[in-house]
Structures are given as C-alpha cells and as structure tokens.
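Each chain gets a letter, A, B and so on, in the order its sequence line appears, and its residues count up from 1.
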2 protein chains.
Amino acid sequence: MLNYTTSEENYIKAIYHLQKVDGMVTTNELAAELESKPASITDMMKKLKAKKLLNYQPYQGFRLTADGTKVALGIIRRHRLWEFFLAEKLKFTWDEVHEVAEDLEHVSNKKLIDKLDEYLGFPRVDPHGDPIPDANGKIEISKKICITELAVNTVSTVASVSDHSSEILELLEHKKIAIGTKVEVKKKFEFDNSLEIKINRQPVITISEQLAKNIFVYTS
Amino acid sequence: MLNYTTSEENYIKAIYHLQKVDGMVTTNELAAELESKPASITDMMKKLKAKKLLNYQPYQGFRLTADGTKVALGIIRRHRLWEFFLAEKLKFTWDEVHEVAEDLEHVSNKKLIDKLDEYLGFPRVDPHGDPIPDANGKIEISKKICITELAVNTVSTVASVSDHSSEILELLEHKKIAIGTKVEVKKKFEFDNSLEIKINRQPVITISEQLAKNIFVYTS
DNA sequence: AAATAAATTTAGACAAATCTAAATTTATTT
DNA sequence: AAATAAATTTAGATTTGTCTAAATTTATTT
C-alpha cells in the first residue's frame with residue numbers, strides 16, 4: 001500500500017463521505033466540506049486522478065475508484081479505532097474524540113493499527129455507533145433507520161447518532177440514551193413530531209423532533 | 001503553546017539531542033543527523049531564530065533558547081510516552097517502537113498526551129530507559145555511567161541502553177539483561193575489554209566490549 | 001601570513017498545496 | 001434558442017520546505 005499526504009487523505013475521506021449521500025461528488029460540495037476553494041479542489045482532483053484513486057472528467061464531478069475506496073476505508077478504520085481508544089481507554093467524552101482522531105488517523109503504520117485493533121478487542125463500531133472497517137477494509141453495513149421511522153410498539157436498539165456535538169451528548173446522557181440502548185416508540189405526535197419512547201422497563205419519556213432526527217436504530 | 005510543523009519539530013528535536021553532546025551545534029552536524037543538506041539547515045535556522053526558539057549568529061553554530069528547549073521537551077515527552085504505550089500495551093518489541101513513535105510524536109494535543117500519561121501510570125522512563133519529561137517539561141536526569149566504568153564488585157541497576165537496534169535486543173534478551181536488571185561487574189579483561197558480570201544470583205556471564213559500551217547503569 | 005581547505009551562507013530553482021481573478025463550460029431562464 | 005447565472009477550470013501568484021551550485025567566511029597548513 002502506497003502512502004498519501006495528510007492533505008490527499010483528507011480529500012479522499014471527504015469524497016468517500018459525500019459519495020454515500022450523493023453518488024457523484026461535485027467541486028463546490030467538496031470545497032464546502034473541506035472549507036477550501038473550488039480551484040484547490042480541481043487541482044487535487046487532477047492529482048488523485050493521476051494516482052488512479054478517482055474517476056474524474058472535467059466538469060462532470062468525481063467518484064472514488066475501487067482503489068480510492070480502499071484507501072478511504074483505511075483512513076476511516078484508523079480514525080474510528082483511535083476514537084474508540086480515546087473513549088474507552090483514555091476516557092475522552094464522545095464529543096471530544098473526533099477532533100483528536102483527525103490527527104491520529106494520518107499515522108498510517110499498518111502494524112500499529114492492526115495491533116491497536118487487537119488490543120481494543122476488535123471493536124465493531126466507534127463511540128458514535130459508526131462501523132469500523134476491518135484489516136481487509138471490509139465494513140459492516142448494518143441496515144439502520146431513523147427512530148422517527150420506527151413503527152410504534154416495536155423494540156429496537158440504538159445503532160448510531162449522527163450529530164457528534166457536546167450539546168446532543170448532554171441531552172442523550174440526561175435521557176439515558178446511548179449506543180446499544182433498547183428503545184421502543186410508544187406514540188408519535190403529529191403537531192411537533194415529538195415522540196414518546198420507552199427505554200427498557202422505565203417510564204415513557206418524550207424526545208423532540210430535532211433529537212429524534214439524529215437517532216438511528218437497527219432494523220431487525 | 002504555539003504549534004510547529006513536523007519539519008520544525010524534527011529540527012528542534014535533533015538540535016536538542018546534539019546539544020547534549022556538544023553544547024553548540026553546527027550546520028554540518030545537523031545536516032548529517034537529519035540526512036539533509038547544509039543549505040536546508042541554514043534556511044530553517046533562520047526561521048527558528050525568528051520564532052525565538054534558537055540562538056543563532058551566522059557561521060557561529062546554534063543552540064536552543066529556553067523556549068526552544070521547552071518545545072523540544074514536549075516533543076520528547078510525546079515520543080517517549082508513545083514508545084512506552086507501544087511496548088507496554090501493544091506489545092511491540094523494543095527495537096520497533098522508535099520508528100512508529102517518530103510519527104505519533106507530531107500529534108500535539110496536550111489533553112491527549114496528558115491523558116495518555118495518566119493511562120500509562122505516569123511512567124518515568126521509556127522502553128530504552130530514557131527519562132520521560134512530565135507535563136511541565138521537567139525531566140529527571142539520573143546520573144548514569146557506562147557499565148565499563150563501574151567498579152568491580154559493586155552492584156548497580158541497568159538504566160538505559162544507547163543502541164536501539166533489533167540486533168542488540170536479541171543479544172540482551174539472550175543474556176537476560178534488561179532495563180532495571182541488577183548487575184555486578186566481577187572482572188575486567190585488558191586484552192579485549194570484555195567484562196564478566198553477575199546478574200542477581202546467577203552464574204557469571206561474559207559481555208563483549210561492543211555490548212558493554214551500550215549499557216548504562218545508575219551511579220548510586 | 002598567504003594559500004588552501006572546510007564549513008557555511010546566499011541565490012535561484014522546484015514541488016506541493018493553496019489562493020485570487022479571469023476564462024470557460026454547463027445549467028437555467030426568459 | 002439566446003441570454004444570464006452558476007459551476008468549474010485555468011492561469012498565475014504565494015508559502016513552505018527542500019535542493020544545487022556559487023559565493024563567502026572561517027579554519028588549517030605550509
């Protein structure tokens with residue numbers, strides 16, 4: 001496996017994430033995501049195309065090749081393993097891990113990452129519930145839906161939370177909702193799209209539409 | 001604390017290490033140490049001087065200021081804590097830790113390093129026996145001498161080993177010599193400068209001059 | 001102390017990554 | 001389908017870190 005600069009890695013990772021939403025990624029989208037300028041994007045796209053990480057025709061947007069996707073999954077693996085380490089071993093809170101992992105992810109020593117993985121017990125998801133690719137780049141895509149889509153009176157498990165801020169963390173901790181928590185929607189209110197949910201055998205609690213939109217559960 | 005580039009940090013660290021031997025560091029020395037060219041050194045010295053990390057007059061060599069030393073100790077702290085982590089937690093061997101730590105040391109998040117330190121139990125020395133600066137940059141300089149200087153029939157403790165290769169590691173493991181091992185020199189041979197030493201209550205063993213030169217013990 | 005050698009610095013070039021401003025292509029409107 | 005707007009690319013500049021080759025300074029020799 002070749003090595004890439006921190007800058008290249010940040011572009012590759014951003015394209016990977018944007019692709020999941022869009023399929024094809026555009027110059028302006030990527031510039032917004034990376035807080036840089038469209039001209040800088042075009043420059044880098046040429047470079048990544050030359051390295052065969054990207055399919056790219058001028059003016060037509062871009063998407064990662066199979067090779068590019070493999071590189072992206074390697075970066076995401078490193079990022080999420082470090083996030084797990086920071087939360088589990090160093091007792092960082094949920095909202096702090098991302099920023100630190102942004103730096104650690106660029107240390108790309110395969111043996112380091114594989115031994116870290118082993119040390120951590122081969123975790124399957126990071127502290128936000130996002131899946132961690134394995135050493136071969138295989139990622140477990142479990143089907144998830146937003147809790148707002150969950151049928152009433154069906155028990156499910158919280159899979160992930162899409163907002164990673166300290167504010168949502170505070171609220172989730174207060175309501176005793178975490179990754180892995182069993183939840184059941186008891187009632188949906190049309191007026192404000194708030195939900196009444198039950199956690200295990202505790203009394204019903206109310207969650208707002210804004211909160212519900214960020215909570216995803218396994219479909220099963 | 002300001003942030004420095006990986007390149008700047010590598011220069012600062014190299015100057016710190018060379019200074020300990022020489023006092024004043026020269027352009028060629030540093031170029032050799034960093035495997036770069038003298039012209040590159042001069043360029044960087046101007047930059048570090050402008051940042052007040054370095055005392056430098058053209059043609060006169062250079063030395064870190066108090067600020068520069070503080071920065072160097074921060075880098076060394078990170079490097080040695082990661083070395084300890086790699087050896088202790090991820091079970092890397094002694095000769096493998098340096099290379100990986102060379103990358104990890106440039107992730108300069110104070111909270112990360114202080115929490116790592118705590119997680120590791122505030123270790124005082126890295127796997128080679130070199131002291132780890134604390135969060136305030138204080139470094140414990142314990143007096144050490146080469147085992148070749150140790151008086152006959154005096155028990156001492158192995159403090160550090162200056163060569164970090166896998167070859168010396170193999171030999172040290174075979175002879176059951178490690179950091180912290182209690183040793184006693186029983187006899188010195190003029191002919192080849194080999195030593196006969198005792199480890200704890202085991203039979204006398206012989207070590208060559210080449211090996212002895214790399215073993216340092218506490219003076220106490 | 002002049003000549004020579006060694007060390008160091010300067011001058012100018014280059015690659016990587018970024019930017020601004022202008023030009024071009026594609027998309028959208030009237 | 002022209003005209004206009006939006007998106008994208010190109011051209012040229014800038015910064016950082018590096019280099020080679022030439023010039024300069026310091027050290028060493030005869």
Side-chain angles (χ1 to χ4, degrees), chain A residues 2-15 18-19 21-64 68 71-72 75 102-103 105-108, chain B residues 2-15 18-19 21-64 68 71-72 75 102-103 105-108:
Chain A
L2 294 171
N3 272 317
Y4 301 97
T5 66
T6 294
S7 189
E8 287 170 336
E9 289 190 343
N10 285 334
Y11 279 88
I12 293 165
K13 190 172 47 129
I15 295 166
L18 289 174
Q19 257 183 196
V21 188
D22 271 46
M24 189 66 83
V25 183
T26 68
T27 304
N28 273 357
E29 264 179 336
L30 193 50
E33 174 77 13
L34 292 170
E35 297 180 79
S36 70
K37 297 290 137 78
S40 309
I41 304 298
T42 302
D43 288 344
M44 184 60 89
M45 294 309 98
K46 288 187 203 156
K47 194 179 310 176
L48 295 180
K49 184 191 179 175
K51 295 191 178 188
K52 298 193 191 304
L53 300 177
L54 208 60
N55 288 124
Y56 164 57
Q57 291 305 117
Y59 297 100
Q60 305 301 302
F62 24 82
R63 128 186 323 165
L64 294 173
V71 173
I75 302 162
E102 284 289 290
D103 289 332
E105 73 185 9
H106 300 296
V107 177
S108 63
Chain B
L2 292 172
N3 272 317
Y4 300 98
T5 66
T6 294
S7 188
E8 288 171 336
E9 288 190 345
N10 285 334
Y11 279 89
I12 293 165
K13 189 171 49 128
I15 296 166
L18 289 175
Q19 257 184 197
V21 188
D22 271 46
M24 191 65 82
V25 183
T26 69
T27 303
N28 274 359
E29 264 180 334
L30 192 50
E33 175 76 14
L34 293 171
E35 298 180 77
S36 69
K37 298 290 136 83
S40 310
I41 304 299
T42 302
D43 289 344
M44 185 59 91
M45 294 308 99
K46 286 187 203 156
K47 194 179 311 174
L48 295 181
K49 184 189 179 177
K51 294 189 178 187
K52 299 192 188 304
L53 300 176
L54 207 61
N55 287 124
Y56 164 57
Q57 291 306 118
Y59 296 101
Q60 305 303 301
F62 24 82
R63 130 186 321 165
L64 295 173
V71 174
I75 302 161
E102 283 289 289
D103 289 332
E105 73 185 8
H106 299 295
V107 176
S108 63

Inset, instruction - Please determine if a side-chain N or O atom of A:T27 lies less than 4.0 Å away from the OP1 or OP2 oxygen of D:dT9. - result: yes

Inset, instruction - Indicate whether OP1 or OP2 belonging to C:dT18 is found under 4.0 Å from a side-chain N or O atom of A:S40. - result: no

Inset, instruction - Using atom CD of A:E8 as one end and atom C1' of C:dA16 as the other, report the distance to the nearest whole Å. - result: 9 Å

Inset, instruction - Specify the residue among A:M44 and A:Y59 whose closest nucleotide of DNA chain C lies further upstream toward the 5′ end. - result: A:M44

Inset, instruction - Please state how far atom CD1 in A:I41 lies from atom C1' in D:dT9, giving the value in whole angstrom units. - result: 13 Å

Inset, instruction - Name the closest nucleotide to the A:T26 side chain, picking from D:dT8, C:dT10, D:dG17. - result: D:dT8

Legend entry - N or O in side chain of B:Y11 less than 4.0 angstrom from D:dT18 OP1/OP2: yes

Inset, instruction - Return yes if a side-chain donor-acceptor contact under 3.5 Å exists between A:H106 and B:D103, otherwise no. - result: no

Legend entry - Distance in angstrom units between B:L48 CG and C:dT9 P, rounded: 13 Å

Legend entry - Atom-pair distance (OH on B:Y4; C1' on D:dT16), nearest Å: 16 Å

Inset, instruction - Please state whether the phosphate of C:dA16, meaning OP1 or OP2, lies under 4.0 angstrom from any side-chain nitrogen or oxygen of A:T5. - result: no

Inset, instruction - Tell which nucleotide pairs with C:dC14, taking only Watson-Crick or G-U wobble pairs whose two distances are both under 3.5 angstrom. - result: D:dG17

Legend entry - Who pairs with C:dT30 - Watson-Crick or G-U, where each distance is under 3.5 Å: D:dA1

Legend entry - C:dA6: pairing nucleotide in any strand, Watson-Crick or G-U under 3.5 angstrom: D:dT25

Legend entry - Side chain B:Q19, main chain B:L64, donor-acceptor under 3.5 Å: yes

Legend entry - Residue-phosphate contact under 4.0 Å: B:Y56 side-chain N/O, C:dT9 OP1/OP2: yes

Inset, instruction - Calculate the interatomic distance between B:L30 atom CG and C:dT8 atom P; express it in whole Å. - result: 10 Å

Inset, instruction - Respond yes when some side-chain nitrogen or oxygen of A:T42 is under 4.0 Å from OP1 or OP2 of D:dT10, and no when none is. - result: no

Inset, instruction - Considering just the side-chain nitrogens and oxygens of B:K37, establish if one lies under 4.0 Å of OP1 or OP2 belonging to C:dT8. - result: no

Inset, instruction - Among A:T26, A:L30, A:T27, A:D43, find the residue that satisfies the side chain to side chain contact (heavy atoms under 4.5 Å, CB included) test when tested with A:P38. - result: A:T27

Inset, instruction - Take atom NZ of A:K46 and atom C1' of D:dA11, then tell me their distance rounded to the nearest Å. - result: 10 Å

Inset, instruction - Could you tell me the separation between the CD1 atom of B:I12 and the CG atom of B:L53, rounded to the nearest 0.5 Å? - result: 5.0 Å

Legend entry - Any B:K47 side-chain N or O less than 4.0 Å from OP1/OP2 of D:dT15: no

Inset, instruction - Would you please confirm or rule out a distance under 4.0 Å between OP1 or OP2 of C:dT8 and any side-chain N or O of B:N28? - result: yes

Legend entry - Interatomic distance, A:K51 atom NZ to A:Y4 atom OH [nearest 0.5 angstrom]: 6.5 Å

Inset, instruction - Take atom CD of A:Q60 and atom C1' of D:dA7, then tell me their distance rounded to the nearest Å. - result: 12 Å

Inset, instruction - Among A:E8, A:E102, A:E33, find the residue that satisfies the side chain to side chain donor-acceptor pair (under 3.5 Å) test when tested with A:K13. - result: A:E102

Inset, instruction - Return the value, rounded to whole Å, for the distance between atom NZ of A:K51 and atom P of C:dA16. - result: 8 Å

Inset, instruction - For A:P58, answer base if it contacts any base atom (sugar-phosphate contacts may also be present), sugar-phosphate if it contacts only those atoms, and nothing otherwise; contact means non-hydrogen atoms under 4.0 Å. - result: sugar-phosphate

